[in-house]
Undergrad: 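Sharing a structure here in structure tokens format.
Proteins get letters first, then strands, A, B, ... in listed order; numbering begins at 1 in each.
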Amino acid sequence: MLNLKFIQENPELIVSKLKKKNFDAHAIVQQITELSGKKNEIQNQADQCKAEMNKISKEIGLLMRDGKTDEAQAAKIRTAELKDSIKQLDDDFARIELEVFNIQVLLPNLPSDLVPAGKTPEDNLIIKSHGQIPALPTGSVPHWELAKKYDIIDFELGVKITGAGFPVYKGKGARIQRALISFFLDQARESGYLEIQPPLMVNEESGFGTGQLPDKEGQMYHATEDNLYLIPTAEVPVTNLYRDLIVDAKDLPIKNTAYSACFRREAGSYGKDVRGLNRLHQFDKVEIVQIAHPDNSYELLDGMVAHVAGLVEKLELPYRILRLCGGDMSFTSALTYDFEVFSAAQEKWLEVSSVSNFESFQANRLKLRYRDEVTKKPVIAHTLNGSALALPRILAALLENNQTPEGIRIPKVLIPYCGFEMID
RNA sequence: GGAGAGGUGGGUGAGUGGCUGAAACCACCGGUUUGCUAAACCGACGUACGGGUCAUUCUGUACCGGGGGUUCGAAUCCCCCCCUCUCCGCCA
């Protein structure tokens, strides 16, 4: 959510910047400017009435104390009128405030100047490619066949007990999952992130705080009996740890990491990309989150990108980093880097991480602020997060790229975590 | 699920109708003292949204879990909701 004062003071800037996201903000900005002008006017009137009311009430109190009941009684006459005005003005104010808010949340975050123009994923900017695309031996197969061949992931069994998109990992399949989680968490800890184990369900306030509610309500599993939501990413509970807080500037940046299962309904996505591990309703992910000072949030973003790149390199997977174009970015992001690894049997790039700076967009909703060391005033912080990493597609690429006639080779760095060198 | 207690500023916690935006203590910040640390003492110390100067300042309003009501006036009284804690039951 963009800050209201900022919108009022920079209408043209907002309209021009949002063009990059292919979003025409003109009408919204104009509406907001008009409505908030009206809102301020009403607040002024209401405040004046209330000030007079408070004054009279105080006087009545004093008169009563002195036993001058007649005078007190006389003073009450004026209050009835004021009361009506106040009620009317307060109602109007609340209505307009809600109206402004409802429009305000329709505005996407402003893209950073680094964001390339464009409409579709084809317009994303490849800023780095790394690693060799492996030449697989003849007879190589995609990961869902490997999963069956070595009996490490059972998709049908998942269908039986839950439904499509809820695979069952077995034996070395389960163990490699656990190994990846531990590896990612250890790496994050070594990069200075504090490990958090968050709840997997969140309340409505948290869903709102990170922007899943109300817009993406349909994408989350909702336990209606208790009005709790299964988290789509650890970003939600972890970022919300800092909701409604004013943190010390000297504690920034705050760096947290968390493993969690992630739950996504993926309503409306069917067909080509959903085979095997490519798209699931439940999957595992290690997330990294930072709460930052606005002055250095982009440096920190680069650091997060470097961290994720390190992970993929250690796993010996060919990857590329994309800077997302305006049209492919999320509503809330100011700058996003996607990581894709090459899945050699499917012969395609799979997104395994998305690292973003949200600047103050999320923090404004969260009311997450830091106290400026000079002015001593609260200032909205910046939030950043990224996957480091999401497991399923990493696993898909590991299985496909490392298949040999003898079995699937485990990357060196994972062997101590797995306790085996081959899936055979 | 049954019964009870309670939600006040960063924390503990006082406050049952007006002089309470809120005592006291702790923490944080500034200062004095001190060889350093500590202690002691003094001072400042909420947030949001408005208005005027827009630089420091000044000023209005709102906020004591959320919403509604009573009253000239509500943290305080009434109603509804939410949450937390304790005991019992059930259970990993």
Undergrad: Please determine whether a side-chain nitrogen of the Lys or Arg among A:K17 and A:D113 lies less than 4.0 Å from a carboxylate oxygen of the Asp or Glu.
TA: yes

Undergrad: I'd like the P distance from B:G65 over to B:G11, given in whole Å.
TA: 13 Å

Undergrad: Expressed as a whole number of angstroms, how long is the span from A:N364:CG to B:A48:P?
TA: 11 Å

Undergrad: Round to the nearest Å and state the distance from A:F101 atom CZ to B:C49 atom P.
TA: 14 Å

Undergrad: If you assign A:K58 and A:K39 each to the RNA chain B nucleotide with the nearest heavy atom, which residue ends up on the more 5' nucleotide?
TA: A:K58

Undergrad: Measuring only the P atom in each nucleotide, how far is B:G6 from B:U16? A whole number of Å is fine.
TA: 14 Å

Undergrad: Please give, in whole Å, the distance from B:G18 P to A:L62 CG?
TA: 13 Å

Undergrad: Whole angstrom is fine here: how far is it from CG in A:L89 over to C1' in B:G51?
TA: 16 Å

Undergrad: If I pick the P atom on B:U76 and the same atom on B:G9, what distance separates them, to the nearest angstrom?
TA: 15 Å

Undergrad: Do the charged groups of A:D91 and A:R95 touch, with an N to O distance under 4.0 Å?
TA: no

Undergrad: Heavy atoms under 4.0 Å, any strand shown: does A:K5 hit a base, just sugar-phosphate, or nothing?
TA: sugar-phosphate

Undergrad: Starting at the 5' end of RNA chain B and moving along, which residue's nearest nucleotide shows up first, A:A80 or A:N40?
TA: A:N40

Undergrad: How does protein contact run along nucleotides 52-60 of chain B, one letter per nucleotide 5' to 3', with B for base contact, S for sugar-phosphate only, - for none, heavy atoms under 4.0 Å?
TA: --------B

Undergrad: Just name whichever nucleotide pairs with B:A24, Watson-Crick or G-U, keeping both distances under 3.5 Å, else none.
TA: B:U12

Undergrad: side-chain hydrogen bond (donor to acceptor under 3.5 Å, both in side chains) between A:Y319 and A:E313: does it pass, once the steps are laid out?
TA: CA-CA 8 Å; A:Y319 71 93; A:E313 281 171 32; 2.5 Å; yes

Undergrad: Which whole number of Å gives the distance between the C1' atom of B:G67 and that of B:A62?
TA: 16 Å

Undergrad: Looking across every strand, which nucleic acid part, if any, lies under 4.0 Å from A:T79 by heavy atom: base, sugar-phosphate, or nothing?
TA: sugar-phosphate

Undergrad: Touch check for A:I60, heavy atoms < 4.0 angstrom, all strands: base, sugar-phosphate only, or nothing?
TA: base

Undergrad: Check this for me: A:E81, atom CD, are more than 12 non-hydrogen atoms of other residues, nucleotides or ligands nearer than 6.0 Å?
TA: no

Undergrad: Pairing check on B:U84: which nucleotide meets the Watson-Crick or G-U wobble criteria with it, both distances under 3.5 Å?
TA: B:A5

Undergrad: Tell me which nucleotide, if any, is Watson-Crick or G-U wobble paired with B:C29 when both distances must be under 3.5 Å.
TA: B:G43

Undergrad: Scan every strand shown for a Watson-Crick or G-U wobble partner of B:U70, both distances under 3.5 Å, and answer none if you come up empty.
TA: none

Undergrad: Rounded to whole Å, how long is the line connecting atom NZ of A:K376 with atom P of B:G30?
TA: 6 Å

Undergrad: Regarding A:S206 and A:N203, is there a side-chain donor-to-acceptor distance under 3.5 Å anywhere?
TA: yes

Undergrad: Using atom CG of A:D91 as one end and atom P of B:A62 as the other, report the distance to the nearest whole Å.
TA: 16 Å

Undergrad: With both distances under 3.5 angstrom, what nucleotide forms a Watson-Crick or G-U wobble pair with B:A55?
TA: none

Undergrad: For atom C1', what is the distance between B:A27 and B:G10, given to the nearest Å?
TA: 7 Å

Undergrad: Could you check how far CG of A:D226 sits from C1' of B:C82, rounded to whole Å?
TA: 13 Å

Undergrad: When you compare B:G7 with B:G15, how far apart are their C1' atoms, in angstrom units rounded to a whole number?
TA: 15 Å

Undergrad: Checking base pairs now: Watson-Crick or wobble, both atom distances under 3.5 Å. What partners B:U76?
TA: none

Undergrad: B:G73, OP1 or OP2 - any side-chain N/O from A:K83 closer than 4.0 Å?
TA: yes

Undergrad: Could you work out the separation of B:G13 and B:C85 based on their P atoms and round it to a whole Å?
TA: 15 Å

Undergrad: Counting Watson-Crick and G-U wobble pairs only, both distances under 3.5 Å, name the nucleotide matched with B:U61, or none.
TA: B:A48

Undergrad: Reckon A:R371 has a side-chain N or O less than 4.0 Å from the OP1 or OP2 of B:C29?
TA: no

Undergrad: If a pair satisfies ring pair (Phe, Tyr, Trp, His ring centres under 6.0 Å) and one of its residues is in residues 154-203 of chain A, list it, with sequence neighbours excluded.
TA: A:F166-A:H281, A:F183-A:Y417, A:Y193-A:H307

Undergrad: Given atom NZ of A:K38 and atom P of B:G51, what is their separation to the nearest angstrom?
TA: 17 Å

Undergrad: If you look only at distance, which donor and acceptor atoms sit under 3.5 Å apart when one is on a side chain in residues 384-396 of chain A and the other is two or more places apart or in another chain?
TA:
unit_1: A:N385; atom_1: ND2; unit_2: A:E235; atom_2: OE1; d: 3.3
unit_1: A:N385; atom_1: ND2; unit_2: A:E235; atom_2: OE2; d: 3.3
unit_1: A:S387; atom_1: OG; unit_2: A:S354; atom_2: N; d: 3.1
unit_1: A:R393; atom_1: NE; unit_2: A:N278; atom_2: O; d: 2.8
unit_1: A:R393; atom_1: NH1; unit_2: A:E351; atom_2: O; d: 2.7
unit_1: A:R393; atom_1: NH2; unit_2: A:N278; atom_2: O; d: 2.8

Undergrad: What distance, rounded to whole Å, do you find between the two P atoms, one in B:A22 and one in B:G4?
TA: 37 Å

Undergrad: Heavy atoms only: give me the nearest A:F331-A:V105 pair and the separation to one decimal.
TA: CZ-O, 3.3 Å

Undergrad: Taking pairing as Watson-Crick or G-U wobble with both contacts under 3.5 Å, can you name the mate of B:U37, or confirm there isn't one?
TA: none

Undergrad: Is A:K50 paired with A:D90 through a side-chain N to carboxylate O contact shorter than 4.0 Å?
TA: yes

Undergrad: Heavy atoms from C-beta onward define the side chain here; which of B:C72, B:G50, B:U47 lies closest to that of A:S57?
TA: B:C72

Undergrad: Under a 4.0 Å threshold between the charged nitrogen and the carboxylate oxygen, would A:E266 count as salt-bridged to A:R279?
TA: yes

